[in-house]
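Take a look at the structure set out below.
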Amino acid sequence: MVPPAGAFCVSKKGGAHSKPPAKPKPAPAPPKPIPLIPGADIVRSLCLKTDYPDLCMSSISKQPQPQLPGGKRLDGAGVLRLAMAAVRAKAAEASDAAAALANDPKTQPGARGPLNDCVDSFDDLAYNLEQAEKALAAGDRGTTGTMLDAVRTDVDTCDQGFEEREELKKVMGKRDAELAKLASNCLAIATAAGLR
């Protein structure tokens with residue numbers, strides 16, 4: 001007998017002893033995130049009150065973690081200090097980048113002045129962070145808030161030098177945008193934790 005056109009034969013080797021097709025295994029549950037530090041719950045809760053929670057948590061996790069006395073947990077001031085340390089580290093990188101660009105012969109000649117202004121702004125930013133840290137330690141909420149506002153302004157000052165001259169490529173734009181977000185996170189954490 002000839003099978004109809006388009007038909008095909010299937011081998012029945014093994015007969016009734018053949019195994020049914022294996023059921024796909026369910027995907028394993030994603031691993032639970034490992035807490036950053038003792039008190040990571042407060043990091044998360046304060047970061048969720050910022051405009052950039054993911055950046056807040058990732059930037060804080062990269063900072064050297066404080067050595068807390070036995071059994072003591074991180075508090076709001078500790079989270080703010082870690083967030084400020086993230087700004088300080090990123091500002092130092094931005095300052096080095098601005099200085100290198102200012103000294104690079106390939107940089108647009110008109111950009112050198114604004115780049116040097118950026119270096120000055122980042123120096124001011126570091127100073128203002130230091131003052132915020134001292135005010136935080138002294139429990140001076142007013143000064144803490146004022147100095148954190150000044151940090152945010154320092155980032156904008158770097159940008160303004162490029163915005164005023166449209167012909168200039170905004171070579172610090174990406175760094176400034178990240179710094180602005182980190183500085184904004186500090187303000188939000190300070191507000192949420194009642195520190196300003």
Side-chain angles (χ1 to χ4, degrees), residues 30-68 73-101 114-115 117-137 141 144-163 169-196:
K32 290 189 176 178
I34 298 165
L36 301 170
I37 38 184
D41 49 343
I42 193 169
V43 173
R44 181 172 170 70
S45 67
L46 288 173
C47 282
L48 286 174
K49 293 178 180 168
T50 69
D51 288 335
Y52 312 98
D54 291 342
L55 177 63
C56 177
M57 287 186 272
S58 67
S59 64
I60 285 175
S61 72
K62 292 174 188 165
Q63 300 312 306
Q65 303 305 319
Q67 297 298 313
L68 300 171
R73 296 175 69 78
L74 195 66
D75 60 6
V79 175
L80 178 56
R81 284 188 183 94
L82 289 169
M84 288 171 20
V87 176
R88 188 178 289 113
K90 197 55 73 174
E93 287 175 21
S95 181
D96 290 347
L101 284 166
L115 282 166
D117 290 345
C118 284
V119 173
D120 291 342
S121 291
F122 297 139
D123 286 346
D124 291 345
L125 185 153
Y127 173 79
N128 289 329
L129 279 172
E130 191 180 312
Q131 297 309 304
E133 182 92 38
K134 287 178 182 172
L136 183 60
R141 294 179 185 183
T144 300
T146 300
M147 299 322 291
L148 290 175
D149 281 328
V151 166
R152 182 68 187 80
T153 303
D154 292 328
V155 178
D156 291 341
T157 302
C158 175
D159 269 341
Q160 285 164 359
F162 291 91
E163 287 168 1
K169 187 178 175 187
K170 292 179 174 64
V171 290
M172 295 301 291
K174 190 174 178 184
R175 289 179 187 275
D176 285 347
E178 187 175 7
L179 265 172
K181 290 175 182 177
L182 290 169
S184 164
N185 283 349
C186 286
L187 284 163
I189 288 168
T191 300
L195 300 169
R196 69 182 282 244

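As the structure is a computational prediction, the values presented were derived from the model and not from experiment.
Proximity of a side-chain donor or acceptor of Ser45 to a complementary backbone N or O of Ile42 within less than 3.5 Å is detected. Between the side chain of Gln63 and the main chain of Ser59, a donor-acceptor pair closer than 3.5 Å is present. In this structure, the side chain of Thr153 engages the main chain of Asp149 through a donor-acceptor pair within 3.5 Å. Although no hydrogens or angles enter the test, the distance criterion places no donor-acceptor pair under 3.5 Å between the side chain of Ser95 and the main chain of Ala91. In this structure, Arg88 contributes its side chain and Ala126 its backbone to no donor-acceptor pair below 3.5 Å. Using modelled atom types, no side-chain atom of Glu163 and backbone atom of Gly161 make a donor-acceptor pair closer than 3.5 Å.
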*I would like to know whether Lys181 and Glu178 meet side chain to side chain contact (heavy atoms under 4.5 Å, CB included); could you show each step before the answer?*
CA-CA 5 Å; Lys181 290 175 182 177; Glu178 187 175 7; 5.6 Å; no
*For Thr146 and Arg196, what are the C-alpha separation, side-chain angles and deciding distance, and is it a side chain to side chain contact (heavy atoms under 4.5 Å, CB included)?*
CA-CA 8 Å; Thr146 300; Arg196 69 182 282 244; over 6 Å; no
_side chain to side chain contact (heavy atoms under 4.5 Å, CB included) between Thr157 and Asp117, worked out_ = CA-CA 8 Å; Thr157 302; Asp117 290 345; over 6 Å; no
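Between Asp154 and Asn128, the side chains place a donor N or O and an acceptor N or O closer than 3.5 Å (distance only, hydrogens not considered).
Side-chain atoms of Asp176 and Phe162, non-hydrogen and from C-beta on, never get closer than 4.5 Å to each other. Side-chain contact between Val151 and Met147: absent, with no pair of heavy atoms (C-beta onward) separated by less than 4.5 Å. The side-chain heavy atoms of Leu125 and Leu129, taken from C-beta on, include a pair separated by under 4.5 Å. Contact check for Phe122 versus Lys90: no side-chain heavy atoms found under the 4.5 Å cut-off. Ile189 places none of its side-chain heavy atoms less than 4.5 Å from the side chain of Lys49. Leu148 has its side chain within reach of Leu80: a pair of non-hydrogen atoms, C-beta onward, lies under 4.5 Å apart. In this structure, Ile60 and Cys47 have side chains that are in contact, with non-hydrogen atoms separated by less than 4.5 Å. Inter-residue side-chain proximity for Arg73 and Asp41 is flagged as met; some heavy-atom pair is nearer than 4.5 Å.
Of all the heavy atoms in Leu55 and Ser58, the pair that sits closest is O-OG, 3.2 Å. When every heavy atom of Leu46 is checked against every heavy atom of Gly76, the shortest pair comes out as CD1-CA, 3.8 Å. Considering all non-hydrogen atoms of both residues, Ala94 and Met172 come closest at O-CE, 3.4 Å.
Going from atom CD of Gln131 over to atom CG of Leu136 covers 12.5 Å, rounded to the nearest 0.5 Å. Atom SG of Cys158 is separated from atom CZ of Arg175 by 10.5 Å, given to the nearest 0.5 angstrom. From Leu182, atom CG reaches atom CG of Leu187 across 11.5 Å, with rounding to the nearest 0.5 Å. With rounding to the nearest 0.5 Å, the separation of CG in Leu195 from SG in Cys186 is 11.5 Å. To the nearest 0.5 angstrom, Leu82 atom CG is 5.5 Å from Gln65 atom CD. Here the CG atom belonging to Asp156 is positioned 9.5 Å from the OG atom belonging to Ser121, to the nearest 0.5 angstrom.
Between Glu130 and Lys134 there is a salt bridge, since a side-chain N of the basic residue sits under 4.0 Å from a carboxylate O of the acidic one.
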